[in-house]
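Proteins come first, then strands; the chains are lettered A, B, ... in the order of their sequence lines, and each starts at number 1. All of these numbers come straight from a predicted model, not from anything done at the bench.
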4 protein chains.
Amino acid sequence: MRYKNKEKLNSIFDATIDLVTKVGLSETSVSKIARKAGISSSTIYVYFESKEDLLISLYVKLKEKMMLKIYDGINENDNFKKSYKSALLNFINYIIDNPKVFLFVEQFNNSPFEKKIPKEEYSKIIYNHNKFYQRGQKEGYLKNIEINLLIIFTHYPAMQFVKEYFKGSEILNEQKLQHIINMSWEAVKK
Amino acid sequence: MRYKNKEKLNSIFDATIDLVTKVGLSETSVSKIARKAGISSSTIYVYFESKEDLLISLYVKLKEKMMLKIYDGINENDNFKKSYKSALLNFINYIIDNPKVFLFVEQFNNSPFEKKIPKEEYSKIIYNHNKFYQRGQKEGYLKNIEINLLIIFTHYPAMQFVKEYFKGSEILNEQKLQHIINMSWEAVKK
Amino acid sequence: MRYKNKEKLNSIFDATIDLVTKVGLSETSVSKIARKAGISSSTIYVYFESKEDLLISLYVKLKEKMMLKIYDGINENDNFKKSYKSALLNFINYIIDNPKVFLFVEQFNNSPFEKKIPKEEYSKIIYNHNKFYQRGQKEGYLKNIEINLLIIFTHYPAMQFVKEYFKGSEILNEQKLQHIINMSWEAVKK
Amino acid sequence: MRYKNKEKLNSIFDATIDLVTKVGLSETSVSKIARKAGISSSTIYVYFESKEDLLISLYVKLKEKMMLKIYDGINENDNFKKSYKSALLNFINYIIDNPKVFLFVEQFNNSPFEKKIPKEEYSKIIYNHNKFYQRGQKEGYLKNIEINLLIIFTHYPAMQFVKEYFKGSEILNEQKLQHIINMSWEAVKK
DNA sequence: GATGAATGAGTTTTCATTCAT
DNA sequence: GATGAATGAAAACTCATTCAT
């Protein structure tokens, strides 16, 4: 059913990201998406069952892309501390370079739709995380605690900082980035 | 001029908190609030100029209450490390004990309304934080970096953890709480 | 029942005239009148039975004032042509000098309220007109036709002109006024 | 883009004219129009951007129709006096035969919407008038004064008379019509 | 595959009015 | 005499979705 017309599909996705990051999820209506994409509202229902279906599909796509970037170029043979810092820098650089992707995902995570994300989606992401943090624990670098706590201290402070930077209430510089990465490391290291 | 009838005012606030935490901010309409509060929609406009006015008033009230709790019982003469851990535990306990307050504030922070919070509100909160973290820096306990980074590493991991606990994807126990408080401390300490 | 408090009554009337001439009859609500008059909406219902009652009372008051001015200083012994021109000039001067009175009356005349003006109101005005135009006919100056046609050609072109002047689409000068008065005279004279 | 379905469009226009002439512009709501037209309120927004857009579109359509009728069958080679009287009679007959059109246009002219009529609309109408009255001046029949004064004395007395006739306070007969046409001529002729 | 047209249910807000104090 | 509080009804408008073509 999918892939009827890749171009039209992408223009729907693009219009949705644009709107959600500009006017917010709650102000993003199907008709506005259609207008922005230059198509009829009803065409959206050729590609998606409902507005919810569209938003979730887009979320899954973006979240997956975002998470894959984290472990890009991470080598199991490198020293773990170096790997950890690279992975976190990867993540920060990605969300800074792709503000719309990041802001869309964040809006979504803090919305009523969040509950409806298919569980399998999580498992794929969690698998990658688990592999990485288990390695750190096995090699004796990381605290032997629930991995989710390690994940939280790795990603959320950075995410909050970047959000404030996008909002204009924080200033970004190389030094601050290094501080954040260091602090996360100090929180999770054994 | 406000506070015409304290009881009715509170029933409006209660209905609003209930709805926002149950169905989400974007699904919370004035008519639903009125129905839940057992009054007419138009009565809400006797108490508030607009839906936005209602939401912001409620947010300011709750956020203030929440922030005041953090430094409750914190004594300047105590050892700073002890003070820090007490303050963070205060905060965590408050949001665990008042899930609706916490979830309302979070929804609001991640919504388009966030931009419309009166600035003075921020300054009051920031003042308390600044005083506390500057003390920690002066006494040589905290990293000499931008205070906002210290705040972020103190509150956001805990908040994310509690959110996941409320969602049902995390399990809460004393040990985990201690882990979180420790990790935050290790992130911010000199 | 009337004359409870002359001052308050007048502030209601003033607020009403102001609003109707500024935002239009249909945008003039009881609560806006109250706000402008600095009183409570419910106080208006102490003075008037309904919004309609208020508007009609004000209309009757203003219309009467406006019509009385027309024959101010008109002397039965003067030459009729002179009287006619004086009366028309009186009228034009009055509506130019009292734009709010004129615009309120005009808005009202072109509204659904117009149907509800008490008939006795008309008879008083018509009596004055009849007396004047009958004199003109008796003295052989005016066409022996239905008086209402004479009234129409006397007042409506001038009113339309002044309306356009207030709107900004016409420019007022002494010469044009003389043209209007002349043309009306040529239309009604025998 | 407009004129999706001529029949439905006309039923919207018809319902609007009916309502405005029966209950007045300010009492004419979108939902009443929809009910009368036998469609859903929201359908009206398929055809028009707003209530204002609907009303202005209708006004422009009707006013244009009305103005075109005036100079119908007027021949430049006829004697000007004859042309003038024909044109005025044309106008009077049209508004008598089309009371709803006339009353709608009048309500609109005396409403807050009046300010929002697109300017081009005026220029088309004014062009026709100018051509006609300039001819009358050039041929020595009309006063050499501002054309707008000639227009006012030609149309407004007749309009006021017909309004009163529709209201029931005037009686229409052939003789009165001739009086009106004569009086207008005497007002404007050199 | 695409869309124009249509709609019921909903939105926020204002209205004229009432009534207990 | 005056008013704060309350409200049912209505306003203009938007929504996600459907369906015939």
Side-chain angles (χ1 to χ4, degrees), chain A residues 1 3-5 8-9 26-35 37-55, chain B residues 1-5 7-9 26-34 38-55, chain C residues 1 3-5 8-9 26-35 38-55, chain D residues 1-5 7-9 26-35 38-55:
Chain A
M1 210 221 326
Y3 303 109
K4 325 222 155 167
N5 176 335
K8 204 156 279 188
L9 185 72
S26 62
E27 296 299 301
T28 299
S29 68
V30 174
S31 60
K32 282 178 193 161
I33 295 171
R35 211 174 304 135
I39 57 172
S40 162
S41 297
S42 28
T43 305
I44 287 177
Y45 290 86
V46 175
Y47 289 81
F48 302 98
E49 270 180 14
S50 64
K51 185 192 178 184
E52 189 178 307
D53 180 25
L54 157 57
L55 289 171
Chain B
M1 187 183 36
R2 217 34 72 69
Y3 303 108
K4 329 222 158 172
N5 176 333
E7 254 181 67
K8 199 154 283 184
L9 185 74
S26 63
E27 295 301 302
T28 298
S29 68
V30 173
S31 56
K32 281 179 194 160
I33 295 171
I39 57 173
S40 164
S41 295
S42 35
T43 305
I44 288 179
Y45 290 88
V46 174
Y47 289 80
F48 301 97
E49 271 180 13
S50 63
K51 184 191 179 183
E52 189 178 306
D53 181 25
L54 158 56
L55 290 171
Chain C
M1 209 224 324
Y3 303 110
K4 325 220 159 175
N5 176 335
K8 204 156 277 187
L9 185 74
S26 63
E27 295 299 302
T28 298
S29 69
V30 173
S31 60
K32 282 179 193 160
I33 294 170
R35 211 174 304 137
I39 56 171
S40 162
S41 297
S42 27
T43 305
I44 288 177
Y45 289 86
V46 174
Y47 290 81
F48 302 98
E49 270 180 13
S50 64
K51 184 190 179 186
E52 189 178 307
D53 180 25
L54 156 57
L55 289 171
Chain D
M1 188 182 36
R2 219 29 74 73
Y3 303 109
K4 331 224 156 169
N5 176 335
E7 253 180 69
K8 200 155 284 185
L9 185 74
S26 63
E27 296 300 303
T28 298
S29 70
V30 173
S31 59
K32 281 179 194 161
I33 294 171
R35 210 173 306 134
I39 57 173
S40 164
S41 296
S42 35
T43 305
I44 287 179
Y45 291 88
V46 174
Y47 289 81
F48 301 97
E49 272 181 11
S50 63
K51 184 191 178 185
E52 188 178 307
D53 181 26
L54 158 55
L55 289 172

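- A:Thr28 contributes atom OG1, which lies 6.0 Å from atom CD1 of A:Ile33 (distance to the nearest 0.5 angstrom).
- Rounding to the nearest 0.5 Å places CD1 of D:Ile44 at 11.0 Å from NZ of D:Lys8.
- Residues passing the side-chain contact (heavy atoms from CB on, under 4.5 Å) test with B:Ser42 are B:Ser40, sequence neighbours excluded.
- Dashed line: the shortest gap from a side-chain N or O of D:Lys8 to OP1 or OP2 of E:dA5 is not under 4.0 Å.
- At whole-Å resolution of the value, CZ in D:Phe48 and P in F:dT14 are 15 Å apart.
- Rounded to whole Å, atom C1' of F:dG4 lies 15 Å from atom CD1 of C:Ile44.
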- Task: Taking Watson-Crick and G-U wobble pairs with both distances under 3.5 Å, convert DNA chain E into its dot-bracket string, 5' to 3', dots for unpaired and | for cross-strand pairs.
- Result: .||||||||||||||||||||
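- Closest approach of D:Ser41 and D:Ser31 over heavy atoms only: OG-CA, 3.6 Å.
- With sequence neighbours left out, D:Ser50 forms a side-chain hydrogen bond (donor to acceptor under 3.5 Å, both in side chains) with no residue at all.
- Residues meeting the salt bridge (Lys or Arg N to Asp or Glu O under 4.0 Å) test with A:Glu27, sequence neighbours left out: none.
- Protein atom CG of A:Leu55 is 14 Å distant from nucleotide atom C1' of F:dC15, rounded to whole Å.
- Two residues, B:Glu27 and D:Ser40, neighbour DNA chain E, and the one matched to the more 5' nucleotide by heavy-atom proximity is D:Ser40.
- If you take CZ of D:Arg35 and P of E:dT7, they are 15 Å apart, rounded to a whole angstrom.
- Between the CD1 atom of B:Ile33 and the C1' atom of E:dG10 there is a distance of 15 Å, rounded to whole Å.
- The structure places CG of B:Leu54 at 9.0 Å from CG of B:Leu9, a figure rounded to the nearest 0.5 Å.
- Note: A:Tyr47 OH to A:Asp53 CG = 14.0 Å, rounded to the nearest 0.5 Å.
- Residues satisfying the side-chain contact (heavy atoms from CB on, under 4.5 Å) test with B:Ser26, not counting sequence neighbours, are A:Ser26, A:Pro112.
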- Item | Footprint string (nucleotides 16-21 of chain F, 5' to 3'): B base within contact, S backbone only, - free, heavy atoms under 4.0 Å | SBBB--
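- Separating the CG atom of A:Leu9 from the P atom of E:dG1 is a distance of 12 Å, rounded to the nearest angstrom.
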